[in-house]
There are 2 protein chains.
Amino acid sequence: MGENVNPHAHFASICELHLPDHLMPETANLADLCRKHGRRLTGQRRIIADVVSAAHDHPDVIEIHRRAAAIDPGIALSTVYRTLRMFADIGLIETHTFEGGRARVEQATGEHHDHLIDITTGKVIEFRSDAIERLQTEIARRLGYRLTGHRLELYAEPIPGRASPVRRKAR
Amino acid sequence: MGENVNPHAHFASICELHLPDHLMPETANLADLCRKHGRRLTGQRRIIADVVSAAHDHPDVIEIHRRAAAIDPGIALSTVYRTLRMFADIGLIETHTFEGGRARVEQATGEHHDHLIDITTGKVIEFRSDAIERLQTEIARRLGYRLTGHRLELYAEPIPGRASPVRRKAR
DNA sequence: TCGCTTCTGCAAATCATTTGCAATAAGGAT
DNA sequence: ATCCTTATTGCAAATGATTTGCAGAAGCGA
């Protein structure tokens with residue numbers, strides 16, 4: 001899949017953006033999925049799962065611990081680390097380490113996307129460009145390689161007086 | 001520059017690759033540049049500069065220390081860290097942290113490029129795609145942002161029986 | 001050569017993350 | 001509801017990469 005693209009095709013549009021997943025319908029919840037993978041559903045895991053599901057801001061581990069501790073003050077940071085790693089291992093979440101920061105977490109959606117990081121606020125915006133995806137595969141092929149993964153992060157600042165299209169409220 | 005591209009232009013080619021810089025003529029040496037920036041040229045700095053200039057394999061800090069220590073066994077790891085940071089601060093080198101590894105170093109060439117990492121060997125191949133550069137700027141713009149930086153890394157494995165074009169020896 | 005700084009080596013400190021271990025708690029079986 | 005086995009937790013210590021405080025060493029302009 002995606003292997004036999006025609007590198008000389010004329011792309012109808014340069015990029016196709018999609019909505020961030022907090023605007024998309026929720027799928028199964030993390031806690032249930034955790035159980036389905038044969039793991040015990042402990043109180044801590046339930047809380048961490050809830051925190052991650054409720055978060056739409058790509059929080060880092062410390063922040064997830066902070067939010068979890070607000071519900072159960074006894075929860076240990078190492079439990080958060082262990083639980084998040086376990087969620088990642090069974091594919092329920094993804095972690096991304098942006099430039100010089102801690103790992104940040106998002107619930108897996110199954111749909112691949114890349115990230116734009118607002119350097120003024122740290123806010124993360126998800127996007128997807130099939131054109132870029134194709135170019136990456138093609139570049140690897142030209143260099144004699146088969147693409148197995150990639151990392152694309154855009155660091156940017158807001159254009160003054162120009163609200164982000166995906167955030168703009170109708171009025 | 002690069003600001004007013006036409007996103008609907010038909011690109012003559014999908015990507016333009018360039019040769020890795022070890023195939024390009026050397027520019028001024030790091031040691032001299034260090035002095036020109038008002039820093040003292042110590043024996044350790046000269047050695048580290050030589051090691052970095054001679055390296056064309058994106059070594060990490062430990063490896064640079066290893067190579068430097070082969071010349072002067074007394075050189076401290078912290079000196080390597082401090083010197084590399086100083087070189088980076090004045091723009092003589094660039095460091096990149098690829099997935100889950102230590103920071104790797106390359107001499108700055110002034111020409112922007114991205115990286116393909118051979119996941120079987122860790123080898124790094126530099127490439128540049130103006131098409132991707134343009135798309136990135138355009139995507140950021142559509143999201144209401146002005147691109148200030150980016151990170152693009154391709155992780156890939158060699159296609160068997162297919163030598164990398166830029167490495168293929170004439171015969 | 002002198003003297004003023006900048007540097008270096010060493011060890012200790014940070015920062016993010018992982019891990020050993022004894023105590024605790026899931027959850028299937030009774 | 002109670003037991004029992006085994007996974008999981010909290011805590012503290014360990015790790016790995018990188019940074020930093022400090023006293024002694026070494027550039028380099030005078």
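Every value quoted in this text rests on a predicted model; they were computed, and no experiment measured them. In what follows, chains are A, B, ... by sequence order, proteins preceding strands, each numbered from 1.
- Of all nucleotides in DNA chain D having an atom under 4.0 Å from a heavy atom of chain B, the first and last in 5' to 3' order are dA17(D) to dG29(D).
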(request) Please assess Arg104(A) against Val124(A) for the test side chain to side chain contact (heavy atoms under 4.5 Å, CB included), listing each intermediate value before the final yes or no. (result) CA-CA 10 Å; Arg104(A) 296 178 67 170; Val124(A) 172; 3.8 Å; yes
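- Scored by the side chain to side chain contact (heavy atoms under 4.5 Å, CB included) test, Ile90(B) finds His37(B), Arg39(B), Met86(B), Leu92(B) as partners (sequence neighbours excluded).
- Every residue meeting the side chain to side chain contact (heavy atoms under 4.5 Å, CB included) condition with Asp57(B), not counting sequence neighbours, appears here in chain and number order: Ala55(B), Pro59(B), Arg67(B).
- Protein atom CG of Leu84(B) is 11 Å distant from nucleotide atom P of dT8(C), rounded to whole Å.
- Residues forming a side chain to side chain donor-acceptor pair (under 3.5 Å) with Arg66(A) (at least two apart in sequence, or on another chain): Glu63(A).
- Within residues 94-103 of chain A, the residues approaching DNA chain C are Arg102(A), Ala103(A), by heavy-atom distance under 4.0 Å.
- Atom OG1 of Thr83(A) and atom CZ of Arg46(A) lie 12.5 Å apart (nearest 0.5 Å).
- The stretch residues 65-79 of chain A touches DNA chain D through Gly74(A), Ile75(A), Ala76(A), Ser78(A), Thr79(A), each having a heavy atom within less than 4.0 Å of the strand.
- Apart from Leu41(B) itself, the hydrophobic cluster it occupies contains nothing, where clustering links Ile, Leu, Val, Met, Phe, Trp and Tyr at side-chain heavy-atom distances under 4.5 Å.
- To the nearest 0.5 Å, atom CD1 of residue Ile117(A) and atom NE2 of residue His96(A) are 9.5 Å apart.
- Between Arg142(B) and Glu138(B) there is a salt bridge, with a side-chain nitrogen of the basic residue lying less than 4.0 Å from a carboxylate oxygen of the acidic one.
- Rounded to an integer number of Å, the gap from Arg104(A) CZ to dT17(C) P is 12 Å.
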(request) Start with the C-alpha distance between Val51(B) and Ile71(B), add both sets of side-chain angles, then the distance that settles side chain to side chain contact (heavy atoms under 4.5 Å, CB included), and finish with yes or no. (result) CA-CA 9 Å; Val51(B) 167; Ile71(B) 301 170; 4.3 Å; yes
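- Within 4.0 Å of Arg82(B), counting heavy atoms only, lies at least one base atom of the nucleic acid.
- Per the geometry, CD1 belonging to Ile62(A) stands 7 Å off P belonging to dT17(C), to the nearest Å.
- Distance Asp89(A) CG to dT17(C) C1': 14 Å, rounded to the nearest Å.
- Between His113(B) and His115(B), the ring-plane angle classifies as perpendicular under the 30° and 60° cut-offs.
- With axes fitted over five pairs at each extremity, the angle between the ends of the helix from dT1(C)-dA30(D) to dT30(C)-dA1(D) is 30° (10° resolution).
- Residues satisfying the side chain to side chain contact (heavy atoms under 4.5 Å, CB included) criterion with Ala76(A), sequence neighbours excluded, are Ser78(A), Thr79(A).
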(request) Could you run through nucleotides 22-30 of chain C and give me one letter per nucleotide, 5' to 3': B if any protein heavy atom sits under 4.0 Å from the base, S if only the sugar-phosphate is that close, - if neither? (result) ---BBSS--
In residues 147-156 of chain B, what donor-acceptor pairs under 3.5 Å come from side-chain atoms, sequence neighbours left out?
residue	atom	partner	partner atom	Å
Thr148(B)	OG1	Tyr155(A)	O	3.0
His150(B)	ND1	Gln136(B)	OE1	3.0
His150(B)	NE2	His112(B)	NE2	3.1
His150(B)	NE2	Asp114(B)	OD1	3.0
Arg151(B)	NE	Glu153(A)	OE1	3.0
Arg151(B)	NH2	Thr97(A)	O	2.8
Arg151(B)	NH2	Glu153(A)	OE1	3.1
Glu153(B)	OE1	Arg151(A)	NE	3.0
Glu153(B)	OE1	Arg151(A)	NH2	3.1
Glu153(B)	OE1	Tyr155(B)	OH	2.4
Tyr155(B)	OH	Glu99(B)	N	3.1

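- For the side chain to side chain contact (heavy atoms under 4.5 Å, CB included) test, residues two or more places apart in sequence or in another chain that qualify with Arg102(A) are Asp60(A), Ile62(A).
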